[in-house]
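A short write-up of the structure that comes next.
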Amino acid sequence: PIFWAGHNAWERMWHVKRMEAEGTEDQQWWSAWNETNLLSEMSAATCSWSSSADATLPFYNLMEDSETENKYYTNKDMLRMFHPDNGKLPHIYDSLEYTHCEDSEDDEDEADREEFRGSLVSNLRRRMANKYGAKLERGYSEYEASTLNSYYDTIFNQPTLDNHGDRPIFEGTYTEEEGTYTEEKVAALADTSSSMSTTSLAKATSEYIDSITGTDWCIYKVTATMRPGTDKLLLAFVNRYLMPNAFGMESVGCNSTHLGGDYKVNFTATGSSSNNNQLHWVSGPILHGADVAAEWVEKVLMATVGTTEVRDGSEGLVYDSDTVTSNAFMHNKVQFYVPNLSGYVKNLDKDSVAHLKRKSTVATSSTDSTPVVMAHLSIPIEAKTYEIVGPLASVSDAETLGAYDEWSAYECPSCHKLADDFETLQERYFVTDNTTTWKDSDTGEVDGRPQPMLVSVHVAVSSSQTLDDMRVDFAHLQDYTRAKWVLSTSYDATCKVASLSWESMPGVVIKYVQNNHDDLPSKDLLTEYEEVWADEYEKTFYSESKDHALPSSANWHHFLDQHIGITATQGDDGNDCDEVFAAISQGLRDDALGFSTRDESEEIHIYVGYEATTAWEYNLATGCSTDDLSFGDICGCVEENSVNVYNRKMGEDVDECPKPCWAVDDDNDCGY
C-alpha cells in the first residue's frame with residue numbers, strides 16, 4: 001500500500017523543487033533527465049531498457065500535447081509534460097504544504113523498524129540488481145528473449161502509433177556452454193570483488209551453481225497439514241474418494257503422524273515412483289505452530305464448507321455440509337487428470353461429500369481445435385482443495401451432467417483449465433504405469449477407478465504480493481532447479497497466474513494464482529493468512545531460542561509441513577551435494593529467509609519458508625556429508641521436529657525418534 005502513497009508524495013515534492021529551482025543553478029538537477037549508468041554500484045536497477053531520456057514507454061494520449069500526438073511517450077516527453085507550469089496537466093495540487101506531517105509523533109521504535117526494513121529492502125533490491133546485471137552481461141537465451149518480447153507486445157499494444165517500432169525488442173544471444181567456474185574460482189572472485197564488477201561476480205556464481213546442481217528436478221510429493229485427531233478419518237477418506245492409500249498411517253515421533261496417497265505421473269523422481277509420487281498430510285500436535293496451523297485449517301473450512309464438524313456415521317473425514325463456497329483459499333489446490341470420472345462421481349454423490357462441480361474445455365489435439373469438455377470435481381480437505389479432472393463424457397448419469405457449471409468470472413476460469421490438449425493428456429496417462437494397486441481399505445477388493453495423474457499444483461496469492469520473476473522464491477527455483485517462469489493475465493485483468501515448469505517434468509506446472517476479482521469471497525482473509533505466515537516464520541527463525549543453542553535452521557514451524565517437495569541427484573552423480581547444500585543455504589541466508597535442514601533416510605532436505613502460504617522443500621538426494629549438514633531426522637516428539645534437538649532436550653543419544661507401540665508392533669500387541 002505504501003507504494004501508491006509514496007509516489008503521490010514524491011510528485012508533490014517534485015513540483016515544489018522544480019518551481020523553486022527555476023532560474024537557479026539547481027534547475028538542471030530537478031528538470032533534466034539523469035542518464036547515469038543505472039547498473040553502477042550506487043544504483044540498484046532491475047531494468048535498463050527504459051533508463052535513457054529517449055526510451056519509449058508504454059504510455060500515450062494522457063493529455064493534450066502536440067509534440068507527442070499519435071506517439072508513445074519517452075522519458076524526455078514526460079519530464080517536459082509533467083512540469084507544474086504545463087497548463088494541459090489534468091490536475092495540480094491546490095496546496096504543496098506538508099501539514100499532515102506536523103501532526104505526527106516521533107516513535108523511536110518505529111524509526112528503528114523502518115531503518116531495518118529499509119536496509120533489508122535495499123539489500124534485497126541490490127542483490128536483484130546484481131542478478132539482473134549478470135543476465136545483461138551474459139545475454140538472453142532465445143527462450144528468455146521470446147518471453148520478454150511476448151510480454152512487451154502485450155503492453156505496447158498500439159501498433160498504429162508512429163513510434164511503435166521503438167519499443168524494446170530483445171534478441172537471444174546466449175547459448176549454454178561448458179561451465180568454466182569452480183567453487184574455488186568463485187570464492188577467489190568474492191575475495192577480490194572490490195576490484196571487479198558485482199555483475200561479473202553474480203555471473204560467476206550463477207554459472208558455478210549451474211555446474212553443480214542437478215539437472216532433472218522432479219516434484220515428488222505435495223504435503224499439507226491436518227488437525228490433530230483427524231488422521232484416521234482422513235486416511236479412510238483419501239482411499240475412498242481420492243486415490244490409493246500410499247503407506248497407511250505412520251508415526252513421525254510420539255503422537256505426531258503422517259499419511260499419504262499415491263498418484264502417478266509421467267516422469268519418475270530419484271528412487272521408485274511408488275515411494276515418490278505421493279500426497280502427504282501431517283498431524284503434529286507437539287510441533288511449533290501446531291495451534292496456529294489448526295486454527296487456520298478451521299478458518300479455511302468455515303469459509304469453504306461452513307463447518308469444521310464431521311458428519312455422524314460417515315466413512316472418513318466427510319464434513320457435515322452439503323455446500324461448498326468457492327473462495328480465495330480454493331486456489332490452494334492440487335489438480336489431477338483421469339480418463340474416466342464415473343467412479344469418482346458415484347462415490348462422492350452417493351455419500352453426499354461436499355465438493356464443487358465445474359467444467360472447462362481443452363482442444364482435441366495440437367492440430368484440431370475442436371473443444372473437449374472437461375469436468376472438474378473440487379474436493380476440500382482441511383485447508384487445501386484436491387481436484388479430479390476428466391472428460392465430462394465419461395460421466396454416465398445424464399441427470400448429473402447439468403450440475404457442472406462453467407467456472408464463473410470471479411473464479412478466474414483461465415487458471416483452472418488444463419495446459420495440454422486432450423490427445424496429449426490421454427497419451428501421457430496411458431503410457432504411464434500405475435504406481436500401486438488401488439484396493440478398498442475395508443474389504444481389500446481391487447478398486448476399479450483409474451489412478452489420478454498429477455497435472456498441476458496451485459498456490460493462492462493475495463493482491464499484496466508480486467508475481468514477477470525476480471520474486472525471491474521464483475528466482476531461487478529458476479537458479480537452483482532450472483524452472484521456467486511465465487506470467488499470464490486474464491482478459492479482464494482481474495486474475496494473474498505465474499506458472500513454473502520444468503523440462504524434466506513435462507505435463508506438470510505450478511501455478512501461483514492472484515485473483516483480484518471484486519466478487520471473490522475471502523480475499524481479505526487470505527491476506528491475513530499470509531501475514532500470519534510471515535509473522536510466524538519471523539518468530540520461529542529469528543527469535544532467540546529458549547531451549548537450545550543451535551542455528552536457526554534447527555528450528556521448525558508446522559506451516560513448513562504445507563510444502564511442495566522437489567528433488568534431484570546433484571552434479572557429478574551426487575558428489576557435488578555438499579557444495580549444492582552450501583550454495584543454497586548461503587543464498588537463503590543472503591535473502592533473509594528462514595529454513596530448516598533435516599537428514600531423512602540419508603538424504604538432505606532443506607525446507608524453506610517463502611512468502612505466500614506454501615513452503616518448498618529442496619531434497620538434495622544422496623551424496624551429502626549428512627552428519628555435518630543437518631539436525632538429524634524429523635522427530636515429532638519435540639516442537640523443533642528434529643531428532644538431534646530431541647537428544648539435547650531429553651539427554652538421549654538415538655538416531656530415530658521414539659514411536660508409540662502401535663507404530664512399531666506388527667502384532668498389535670500393545671495392550672490397548
Side-chain angles (χ1 to χ4, degrees), residues 1 222-228 230 280-285 287-308 319 324-334 356 378-387 410-412 415 457-467 471-474 494-498 510-542 556-564 593-595 607-617:
V222 183
T223 303
T225 61
M226 56 182 166
R227 292 168 294 164
T230 60
H280 286 189
W281 290 267
V282 180
S283 169
L287 300 181
H288 179 61
D291 53 343
V292 179
E295 175 189 352
W296 275 93
V297 169
E298 295 198 338
K299 287 185 177 182
V300 173
L301 284 174
M302 290 302 299
T304 307
V305 295
T307 184
T308 61
Y319 303 116
V324 174
T325 300
S326 184
N327 63 77
F329 291 106
M330 294 191 76
H331 286 304
N332 277 331
K333 76 174 180 181
V334 189
L356 286 180
S378 299
I379 310 164
I381 303 177
E382 298 295 81
K384 196 182 285 287
T385 295
Y386 300 84
E387 186 171 276
Y410 77 88
E411 294 174 312
C412 184
C415 82
V457 183
H458 296 206
V459 180
V461 176
S462 77
S463 58
S464 65
Q465 296 193 28
T466 63
L467 290 179
R471 174 180 155 133
V472 176
D473 45 359
F474 297 169
T494 62
C495 186
K496 295 181 180 179
V497 179
I510 308 298
K511 298 180 180 181
Y512 281 71
V513 181
Q514 186 181 69
N515 188 342
N516 298 319
H517 199 284
D518 290 340
D519 297 335
L520 179 69
S522 303
K523 284 192 302 182
D524 292 341
L525 195 59
L526 174 61
T527 302
E528 182 183 343
Y529 190 27
E530 292 173 343
E531 292 170 350
V532 170
W533 271 63
D535 185 57
E536 289 292 309
Y537 280 145
E538 183 174 350
K539 290 187 294 186
T540 299
F541 294 108
Y542 296 105
W556 190 265
H557 195 287
H558 200 23
F559 279 155
L560 288 176
D561 286 308
Q562 188 151 302
H563 65 258
I564 301 170
L593 286 167
F595 65 96
Y607 297 89
V608 188
Y610 291 114
E611 65 178 336
T613 54
T614 295
W616 277 86
E617 171 207 2

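All heavy atoms count here, side chains included; hydrogens, waters and symmetry mates do not. Every value quoted in this text rests on a predicted model; they were computed, and no experiment measured them.
The CZ atom of Phe474 sits 7.5 Å away from atom OG1 of Thr466, with the distance rounded to the nearest 0.5 Å. If you take NE2 on His288 and CG on Leu560, they are separated by 10.0 Å, rounding to the nearest 0.5 Å. Once rounded to the nearest 0.5 Å, the distance linking CD1 of Ile379 with CD1 of Ile381 reads 6.5 Å. Here Thr325 contributes atom OG1 and Met302 contributes atom CE; the two are 10.0 Å apart, rounded to the nearest 0.5 Å. In this structure, Lys496 NZ and Leu467 CG are separated by 7.0 Å, a value rounded to the nearest 0.5 Å.
Taking 4.5 Å as the limit, every side-chain heavy atom of Val459 sits out of range of all side-chain heavy atoms of Lys333. Leu593 is listed as a side-chain neighbour of Val472, based on a closest heavy-atom distance under 4.5 Å. Residues Phe329 and Thr385 form no side-chain contact, since every pair of their non-hydrogen atoms from C-beta on lies 4.5 Å or further apart. Counting heavy atoms from C-beta outward, Lys384 and Trp281 have side chains that stay 4.5 Å or more apart. In this structure, Ser283 and Thr230 have side chains that are not in contact, with every pair of non-hydrogen atoms separated by 4.5 Å or more.
Judged as a side chain to side chain contact (heavy atoms under 4.5 Å, CB included), and not counting sequence neighbours, the contacts of Glu611 are Gln465, Arg471. Contacts of Thr225 classified as side chain to side chain donor-acceptor pair (under 3.5 Å), with partners at least two apart in sequence or in another chain: none.
Proximity of a side-chain donor or acceptor of Glu530 to a complementary backbone N or O of Ser462 within less than 3.5 Å is detected. A donor-acceptor pair is defined here as one N or O able to donate and one able to accept, closer than 3.5 Å; no such pair exists between the side chain of Glu387 and the backbone of Val334. No side-chain donor-acceptor contact under 3.5 Å links Asp535 to the backbone of Trp533. Thr304 places no side-chain N or O within donor-acceptor distance of the main-chain N or O of Leu301, the cut-off being under 3.5 Å. Of the possible donor and acceptor atoms, one in the side chain of Arg227 sits under 3.5 Å from a partner among the backbone N and O of Thr308. At least one donor-acceptor pair closer than 3.5 Å links the side chain of Tyr319 to the backbone N or O of Glu382.
Closest approach of Trp556 to His558, counting heavy atoms only: CD1-N, 3.9 Å. When every heavy atom of Phe559 is checked against every heavy atom of Ala293, the shortest pair comes out as CE2-CA, 3.8 Å. For the residue pair Ala290 and Pro285, the shortest heavy atom distance occurs at CB-O, 3.7 Å. Contact record, Glu411 with Ser326: OE2-OG, 2.8 Å, taken as the closest heavy-atom pair. The minimum heavy-atom distance between Pro380 and Met330, with the atom names listed, is CG-CE, 4.5 Å.
In this structure, Cys415 and Cys495 have their SG atoms no less than 2.5 Å from one another.
In summary, the aromatic rings of His458 and His331 are positioned with their centroids too far apart to meet the 6.0 Å limit. Trp616 has its ring centre no less than 6.0 Å from the ring centre of Tyr512. Taking the six-membered ring wherever Trp is involved, the centroid distance between the rings of Tyr542 and Tyr537 does not fall below 6.0 Å.
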Without placing hydrogens or testing angles, list every side-chain donor-acceptor pair under 3.5 Å for residues 517-524, not counting sequence neighbours.
{"from": "His517", "atom 1": "ND1", "to": "Asp519", "atom 2": "N", "distance (Å)": "3.0"}
{"from": "Lys523", "atom 1": "NZ", "to": "His517", "atom 2": "O", "distance (Å)": "2.9"}

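Looking only at atom types and distance, the side chain of Thr494 has no donor-acceptor partner in the side chain of Asn515 under 3.5 Å away.
Of the residues Val300, Thr614, Val457, the one that meets the side-chain contact (heavy atoms from CB on, under 4.5 Å) test with Asn332 is Thr614.
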- request: Tell me, with the steps shown, if Val513 and Val461 meet side-chain contact (heavy atoms from CB on, under 4.5 Å).
  value: CA-CA 6 Å; Val513 181; Val461 176; over 6 Å; no
| How far apart are the C-alpha atoms of Phe541 and Phe595, what are their side-chain angles, what is the distance that settles it, and do they pass the ring pair (Phe, Tyr, Trp, His ring centres under 6.0 Å) test? | CA-CA 7 Å; Phe541 294 108; Phe595 65 96; 7.6 Å; no
